[in-house]
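This report refers to the structure that appears directly beneath it.
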There are 2 protein chains.
Amino acid sequence: MEKSEEQSSPERPQREGDYPPEVADFVERLAADLTEAGFPRMPARVFSCLLASDTGSLSSADLGERLLISPAAVSGAVRYLSQVHLIARERQPGSRRERYRVHTDVWYEAMTNRDAVLNRWIHTFSSGVEAVGPESPAGRRIAESVEFLTFMRNEMAALMERWRTTRRES
Amino acid sequence: MEKSEEQSSPERPQREGDYPPEVADFVERLAADLTEAGFPRMPARVFSCLLASDTGSLSSADLGERLLISPAAVSGAVRYLSQVHLIARERQPGSRRERYRVHTDVWYEAMTNRDAVLNRWIHTFSSGVEAVGPESPAGRRIAESVEFLTFMRNEMAALMERWRTTRRES
DNA sequence: CCATAACTTCACAAAGTTGTGAAACAAGCG
DNA sequence: CGCTTGTTTCACAACTTTGTGAAGTTATGG
């Protein structure tokens with residue numbers, strides 16, 4: 001019966017104005033940015049919406065209401081987001097209502113994911129060096145890419161470590 | 001009249017085996033990886049194909065032959081790639097044949113591009129802090145994202161610098 | 001155990017992308 | 001100049017993606 005985040009006026013309009021329009025605007029702007037970067041649309045909107053919520057966690061119904069989308073769309077989006085580890089799904093024991101939470105440190109998870117991509121790329125590029133021949137000009141060019149990607153992977157790990165410590169001491 | 005990269009048997013089969021099948025395989029594997037990361041298909045294939053070529057530069061006809069795609073598809077792909085600065089188009093004076101070349105340091109260009117994306121994100125997130133209120137929990141969460149993205153942008157710049165110097169001295 | 005609430009799955013319609021052939025365009029070259 | 005070769009543009013068809021309503025599944029709670 002109660003709404004999840006703030007329990008105020010029981011009969012609220014079904015419009016996106018359910019939460020302040022400035023916030024809705026931000027959510028859509030951010031979702032647009034993410035979409036442009038290759039993120040699927042609905043996951044982007046759901047993610048942005050969670051990020052902009054005070055508790056950092058909303059129920060399926062909340063999301064549907066705020067974004068004006070069907071339960072099916074919410075379902076699809078949260079499945080995607082939890083697969084790429086950007087949200088956690090949690091179920092309070094003794095309730096069948098699920099809640100979706102943005103990870104404590106969103107960016108750590110995103111970077112972890114990027115690491116996996118880097119590794120696959122390194123693997124593919126390495127096989128390419130063999131394919132074109134290590135001594136050919138193409139071979140050398142591709143080998144350099146392998147070096148760059150490896151450099152990147154290592155440095156990114158160090159970078160994240162650095163971020164975590166600066167974060168901790170502030 | 002002559003084929004651009006290596007001038008061998010004049011009547012070659014029109015199949016992708018025009019260049020060694022191992023190379024073709026690598027090109028398709030890499031293109032698949034890039035596609036999975038959100039890169040449009042044809043640009044991914046063209047880019048991979050250029051990367052795997054000895055001269056690092058091919059004509060429109062070469063690309064069409066190797067990838068078995070129409071001139072229109074090549075045209076679209078190279079337009080995309082040059083817009084995101086991943087290839088350069090060059091025209092040898094006194095010829096109407098254009099050649100497309102992977103940039104000397106492919107990754108530098110790609111990272112430069114990523115920088116622009118980071119900047120837009122930082123801007124959007126910053127506007128979000130205002131939208132939800134800087135003192136709210138959501139505001140603090142989003143502000144932390146701004147900090148992280150800013151950290152990233154700066155560190156990435158330093159990282160690229162470091163890569164370039166290690167590269168130079170090897 | 002049945003009723004019901006919450007979420008998921010599925011088939012489909014709408015919308016968007018992608019690559020093609022054909023026509024238009026540009027620019028060297030005879 | 002006009003022919004010829006290489007590139008681009010355009011309309012369209014094939015294919016893919018996206019979000020929905022409705023039926024299905026699971027599990028709580030009477």
Side-chain angles (χ1 to χ4, degrees), chain A residues 1-4 14 16 28 31-32 34-50 57-84 87-101, chain B residues 1-5 10 14 16 28 31-32 34-50 57-84 87-101:
Chain A
M1 183 92 289
E2 95 293 343
K3 291 294 174 32
S4 304
Q14 291 302 85
E16 202 161 358
E28 295 307 326
L34 296 175
T35 301
E36 206 168 337
F39 222 79
R41 183 175 165 66
M42 280 294 144
R45 295 183 70 208
V46 166
F47 174 77
S48 306
C49 195
L50 283 170
S57 114
L58 296 170
S59 72
S60 179
D62 291 332
L63 288 165
E65 248 171 63
R66 299 188 178 196
L67 300 172
L68 295 175
I69 58 181
S70 71
V74 175
S75 178
V78 296
R79 176 173 39 183
Y80 177 92
L81 288 171
S82 62
Q83 265 168 5
V84 301
I87 65 170
R89 342 175 52 136
E90 43 193 48
R91 195 169 226 144
Q92 290 186 339
S95 163
R96 62 206 106 164
R97 196 168 241 162
E98 218 161 26
R99 298 182 65 83
Y100 310 103
R101 174 177 306 280
Chain B
M1 185 95 295
E2 94 292 341
K3 290 294 173 34
S4 305
E5 221 188 347
Q14 292 297 91
E16 201 162 358
E28 296 306 326
L34 296 174
T35 301
E36 206 169 337
F39 222 79
R41 181 174 168 67
M42 279 295 140
R45 296 183 70 205
V46 166
F47 174 77
S48 306
C49 195
L50 283 170
S57 113
L58 297 170
S59 73
S60 179
D62 291 332
L63 287 165
E65 249 171 61
R66 301 190 176 196
L67 301 172
L68 296 175
I69 58 180
S70 71
V74 175
S75 178
V78 297
R79 176 174 37 183
Y80 177 93
L81 287 170
S82 63
Q83 265 168 4
V84 301
I87 66 171
R89 343 177 49 137
E90 44 194 46
R91 193 169 228 143
Q92 289 185 338
S95 163
R96 64 205 102 161
R97 198 168 238 165
E98 218 160 27
R99 298 183 63 85
Y100 309 103
R101 175 177 305 281

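Worth saying up front: this structure is predicted, and the values here are computed from it rather than measured. Order of the sequence lines sets the chain letters (A, B, ...), proteins ahead of strands, with each chain counted from 1.
- Listed pair A/R89 / C/dT8 meets the phosphate criterion, a side-chain N or O lying under 4.0 Å from OP1 or OP2.
- More than 12 heavy atoms of other residues, nucleotides or ligands lie within 6.0 Å of CD in A/E90, so this atom counts as buried by the packing criterion.
- Side-chain contact between A/L63 and A/C49 is present, with at least one heavy-atom pair separated by less than 4.5 Å.
- If you measure from atom OH of A/Y80 to atom C1' of D/dG19, you get 17 Å, rounded to the nearest angstrom.
- Rounded to whole Å, atom C1' of D/dT5 lies 16 Å from atom CZ of B/R99.
- Distance A/L67 CG to D/dG19 P: 11 Å, rounded to the nearest Å.
- A tilted orientation is assigned to the rings of B/F39 and B/F47, their planes being inclined by 30° to 60°.
- Contact annotation: the side chain of A/R66 never approaches that of A/V46 to less than 4.5 Å [non-hydrogen atoms, C-beta and beyond].
- The CD-P distance, from A/E98 to D/dT26, rounds to 15 Å in whole Å.
- Going from atom CG of A/D62 over to atom C1' of C/dC7 covers 14 Å, rounded to whole Å.
- Note on A/S75: a base of the nucleic acid sits closer than 4.0 angstrom, heavy atoms only.
- A distance of 10.5 Å separates CG of A/L58 from CD of A/E65, quoted to the nearest 0.5 Å.
- What separates CZ of A/R97 from C1' of C/dT4 is a distance of 14 Å, to the nearest Å.
- Considering only heavy atoms from C-beta on, B/R45 stays 4.5 Å or farther from B/V74 through its side chain.
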- Nucleotide-resolved protein contact map, nucleotides 10-30 of chain C, B/S/- at heavy-atom distance under 4.0 Å: ---------SBB-----BBS-
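- Whole-Å rounding puts the A/Y100 OH to C/dA6 P distance at 12 Å.
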